[in-house]
Amino acid sequence: MSEIKRVEPLVLIFSGPSGSGKSTLVQKVLELPGTMPSVSCTTRPRRATEATGKCYDFVTSEQFDAMVARGEFLEFARVFGKHSYGTPKKWLEQSRSKGLDLVLEIDVQGAALVKEKLPESVAIFILPPSRQELERRLRSRGMDADEEISRRLAKAKGEIELAEKFYDFCVVNDEVERAGREAQAIVVALRCSSLRRREVVKQVLGSFGG
Ligand code: 5GP
């Protein structure tokens, strides 16, 4: 039996306003076998809750700038006008060499850049059910002052307006278990697309002979 020709792994971009619960949904997607995370670099300080987490590679501005100069990022951006965030190309290379679908959790401007460079990538937007619910979640985190919450809500509106223009999928995070299943289902369905299964179809056809 001839070996099945491998298709390139998926590049899955997840974005959503802060408080939309995208990190939780991304974790659910990463529970699917055959996926791997892209670990972003950032110059922002580590939060206390991230002490043991593997969410970011925390770097200095000098280290970040040197990586930019060496062309090591697939995309990078200044988020909230303060800190820099970037997706190192090495994760894309690793995903291809290992044959694992790559999961990016980045903001809308980063997603637009990745879509430009990799048009076959898939962008999935995590939408809060309403402004009121988003505000409630941001307040219940107890992380931000009133002014910061207003800023995040205004930013959320802009992100949703922009996302509508180019995102391929949208998951409403009203209930985390349900939304998690939906996010996983998107990935599973993409893996089953007839384009990606073309070689398998050929192989099955071959098994019929002649
Ligand atoms: P936070 O500092 O709250 O972890 O993230 C702030 C924002 O930066 C979030 O919207 C997050 O998705 C985004 N972000 C994280 N990593 C990257 C990255 O590598 N590139 C871009 N463009 N945005 C990122």
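Ligands are counted one by one from 1 in listed order, and the atoms in each one are counted from 1 as well. Because the structure is predicted, anything quoted here is derived from the model rather than measured.
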Are Y85 and F64 close enough that their ring centres sit under 6.0 Å apart? no
Is the shortest distance from a Lys or Arg side-chain nitrogen in R151 or E147 to a carboxylate oxygen in the other one below 4.0 Å? no
Taking the basic N atoms (NZ, or NE/NH1/NH2) and the acidic carboxylate oxygens, is any pair closer than 4.0 Å for K89 and E93? no
Atoms in ligand 1 with a heavy atom of [X] nearer than 4.0 Å:
{"X": "K22", "answer": "9 (C), 10 (O), 12 (O)"}
{"X": "A77", "answer": "22 (N)"}
{"X": "G110", "answer": "22 (N)"}

For [X] and ligand 1, answer yes if some heavy atom of the residue is under 4.0 Å from a ligand atom, otherwise no.
{"X": "H83", "value": "no"}
{"X": "Y56", "value": "yes"}
{"X": "G86", "value": "yes"}
{"X": "K82", "value": "no"}
{"X": "R44", "value": "yes"}

Does any part of the side chain of V122, heavy atoms only, come nearer than 4.5 Å to the side chain of L190, both counted from C-beta? yes
If you group Ile, Leu, Val, Met, Phe, Trp and Tyr by side-chain heavy-atom gaps below 4.5 Å, do F73 and Y56 land in one group? no
Considering all heavy atoms of both residues, which atom of L134 and which atom of P17 are nearest to each other, and what is their separation? CD2-CB, 4.2 Å
Does any pair with a residue in residues 7-36 pass salt bridge (Lys or Arg N to Asp or Glu O under 4.0 Å), and if so which ones, sequence neighbours excluded? E8-R96, K28-E177
Taking Q63 for the side chain and T60 for the main chain, is one N or O donor matched with an acceptor at less than 3.5 Å? yes
With sequence neighbours excluded, give me every side-chain hydrogen bond (donor to acceptor under 3.5 Å, both in side chains) pair touching residues 166-176. S15-Y167, K115-D168, D174-R178
Please determine if R152 has a nitrogen or oxygen closer than 3.5 Å to a nitrogen or oxygen of ligand 1. no
Under 3.5 Å between some N or O of ligand 1 and some N or O of E75? yes
Heavy-atom distances under 4.0 Å are what count here, so tell me which part of Q109 touches ligand 1: side chain, backbone, both or neither. neither
With heavy atoms under 4.0 Å as the rule, classify the contact between R47 and ligand 1 as side chain, backbone, both or neither. side chain
Among D107, V108, I106, which one has a heavy atom closest to atom 22 (N) of ligand 1? D107
